[in-house]
Amino acid sequence: MKEGEGMGIRLVVLDIDGTIAGVSNQVRPAVVEAIAAVQAQGVKVAIATGRMYCSALKFRSQINSREPMITYNGAWIGNPETGERLAHWAVPPERIAELLDLAAEPEWRSLLDVHVYHDDQLYVGEITAQTEEYVSRSTIRPQAVGDLHTMLDRPLTKLLMLCPDAARLDALKAQTQSRYQPSELYITQSSPTLFLEFTHPKASKGQALRYLAQEHYGIPLDQVLAIGDNYNDFDMLQTAGIGIAMGDAPPAVQAIATWVAPNVEADGVAVALERFILA
């Protein structure tokens, strides 16, 4: 009997970076084939990513998905088939202002680059080498506006802090998590791990998965399989009936997973789909 037999998986939700796309920044052929086989059985396959909506579209096309996309770590759920935005949770402007002030403090000013996102566009104070590296995988062109406080008059989907020092980023994460309750701000790290991300408290991959499965499709959570590789996938893996961590996921993410797959360069998603659905 295959491992997933009797579970009736009807929806698969996949992270992009470190899960279906690795060093090549493309979905590997074996993963494309496994996803096609799953879809041929009538299982829906959707994407859930921290990426911008426009940056995620090419990966949705590569896996021939026709489902809505969860983007910005759950803050934006959109349907490319219809152009409809199904859900959008913007960060409260007072939180954005506080985070911008924090990033400007002497302790952090020289370490951090700050990005904010409005209407699926990226805005920065200035374009730095770190920002150039960030956009190199997405082909998105940032817009430099000088003072990001000028963006506070419009809904901002996400604020991202980039830091090249992992230890300092851990300290910043601890500082912000002690300052804000989960009901005030959702704080997470994504791949690569030098990104610290801030969204509306209702915006996480787990909550977005719940919305997509239950409210949009009427699919029970125990009929959902999710795969991810980093901290921003943590609650998504907990929410799905089957939550699978990639082999190079942080230990805390692996610890809550139903199963740990090989890493992205070893086609871990294909291995997981074979084990739980196709075998």
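Numbers here are sequence positions counted from 1. All values below come from the heavy atoms of this structure, side chains included, with hydrogens, waters and symmetry mates left out.
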Looking only at atom types and distance, does a side-chain atom of [X] sit under 3.5 Å from a main-chain N or O of [Y], one as donor and one as acceptor?
X: Glu197; Y: Thr188; result: no
X: His118; Y: Pro155; result: yes
X: Lys158; Y: Gly50; result: yes
X: Asn73; Y: Ser204; result: no
X: Gln214; Y: Tyr211; result: no
X: Gln39; Y: Ile63; result: yes
X: Thr49; Y: Thr71; result: no
X: Thr131; Y: Ile127; result: no
X: Arg60; Y: Glu67; result: yes
X: Asn263; Y: Ala266; result: yes

Closest approach of [X] to [Y] (non-hydrogen atoms, all atoms of both residues):
X: Gly78; Y: Trp76; value: N-CD1, 3.8 Å
X: Gln189; Y: Leu169; value: NE2-CD2, 3.6 Å
X: Leu172; Y: Leu102; value: CD1-CD2, 3.8 Å
X: Thr19; Y: Val264; value: O-CG2, 3.4 Å
X: Pro201; Y: Glu184; value: CD-O, 3.6 Å
X: Gln254; Y: Ala245; value: CA-CB, 4.0 Å

Do [X] and [Y] have side-chain atoms, one donor and one acceptor, less than 3.5 Å apart?
X: Asn230; Y: Ser190; value: no
X: Gln143; Y: Gln121; value: yes
X: Asp113; Y: Thr128; value: yes
X: Asn79; Y: His216; value: no

Quick one: [atom1] on [X] to [atom2] on [Y], what's the gap to the nearest 0.5 Å?
X: Ile9; Y: Gln223; atom1: CD1; atom2: CD; result: 7.5 Å
X: Ser55; Y: Ile140; atom1: OG; atom2: CD1; result: 5.0 Å
X: Thr199; Y: Arg95; atom1: OG1; atom2: CZ; result: 13.0 Å
X: Asp233; Y: Gln238; atom1: CG; atom2: CD; result: 11.5 Å
X: Asn232; Y: Asp229; atom1: CG; atom2: CG; result: 7.5 Å
X: Ile227; Y: Leu237; atom1: CD1; atom2: CG; result: 9.0 Å

| field | Among Leu160, Thr176, Leu99, Leu112, the one residue meeting side-chain contact (heavy atoms from CB on, under 4.5 Å) with Leu196 | value | Thr176
| query | Do Ile20 and Val260 sit in the same hydrophobic cluster, where Ile, Leu, Val, Met, Phe, Trp and Tyr count as joined when their side-chain heavy atoms come under 4.5 Å apart? | reply | no
[Y] and [X], any side-chain heavy atoms less than 4.5 Å apart:
X: Gln62; Y: Gln26; answer: yes
X: Met151; Y: Leu148; answer: yes
X: Val12; Y: Lys44; answer: no
X: Ser138; Y: Arg51; answer: yes
X: Met236; Y: Thr239; answer: no
X: Leu152; Y: Ile96; answer: yes
X: Met161; Y: Phe198; answer: yes
X: Leu11; Y: Val43; answer: no

| request: Start with the C-alpha distance between Val38 and Leu278, add both sets of side-chain angles, then the distance that settles side-chain contact (heavy atoms from CB on, under 4.5 Å), and finish with yes or no. | output: CA-CA 7 Å; Val38 166; Leu278 299 173; 3.9 Å; yes
| request: Return yes when atom CD of Gln175 has more than 12 non-hydrogen atoms of other residues, nucleotides or ligands closer than 6.0 Å, and no otherwise. | output: yes
| query | Around Glu81, counting heavy atoms of other residues, nucleotides and ligands shown, do more than 12 lie under 6.0 Å from its CD? | reply | yes
| message | Considering only residues two or more places apart or on different chains, which pairs with a residue in residues 161-171 satisfy salt bridge (Lys or Arg N to Asp or Glu O under 4.0 Å)? | response | Glu107-Arg168
| query | Going through the distances and angles, do Val124 and Val114 end up as a side-chain contact (heavy atoms from CB on, under 4.5 Å)? | reply | CA-CA 6 Å; Val124 299; Val114 180; over 6 Å; no
| query | Are Phe276 and Trp259 close enough that their ring centers fall under 6.0 Å? | reply | yes
| query | Taking the six-membered ring for Trp, is the centroid-to-centroid distance between His115 and Tyr134 below 6.0 Å? | reply | yes
| Is the closest basic N to carboxylate O distance between Arg28 and Glu265 below 4.0 Å? | yes
| query | Between Asp235 and Lys205, does at least one N-O distance fall below 4.0 Å, as a salt bridge requires? | reply | no
| request: Apply side-chain contact (heavy atoms from CB on, under 4.5 Å) to the pair Leu225 and Ile244, showing each step before the final yes or no. | output: CA-CA 8 Å; Leu225 181 149; Ile244 296 174; 4.0 Å; yes
| message | Ring-plane angle category for Tyr117 and Tyr72, please: parallel below 30°, perpendicular beyond 60°, tilted otherwise. | response | perpendicular
| query | Would Lys173 count as a cation-pi partner of Tyr231, with NZ or CZ less than 6.0 Å from the six-membered ring centre and within 45° of the ring normal? | reply | yes
| Does the pair Ile77 and Arg85 meet the rule for a side-chain contact (heavy atoms from CB on, under 4.5 Å), with working shown? | CA-CA 6 Å; Ile77 306 173; Arg85 187 161 64 179; over 6 Å; no
| message | With ring-ring contact (aromatic ring centres under 6.0 Å, His included) as the rule and sequence neighbours excluded, what pairs involving residues 162-188 come up? | response | none
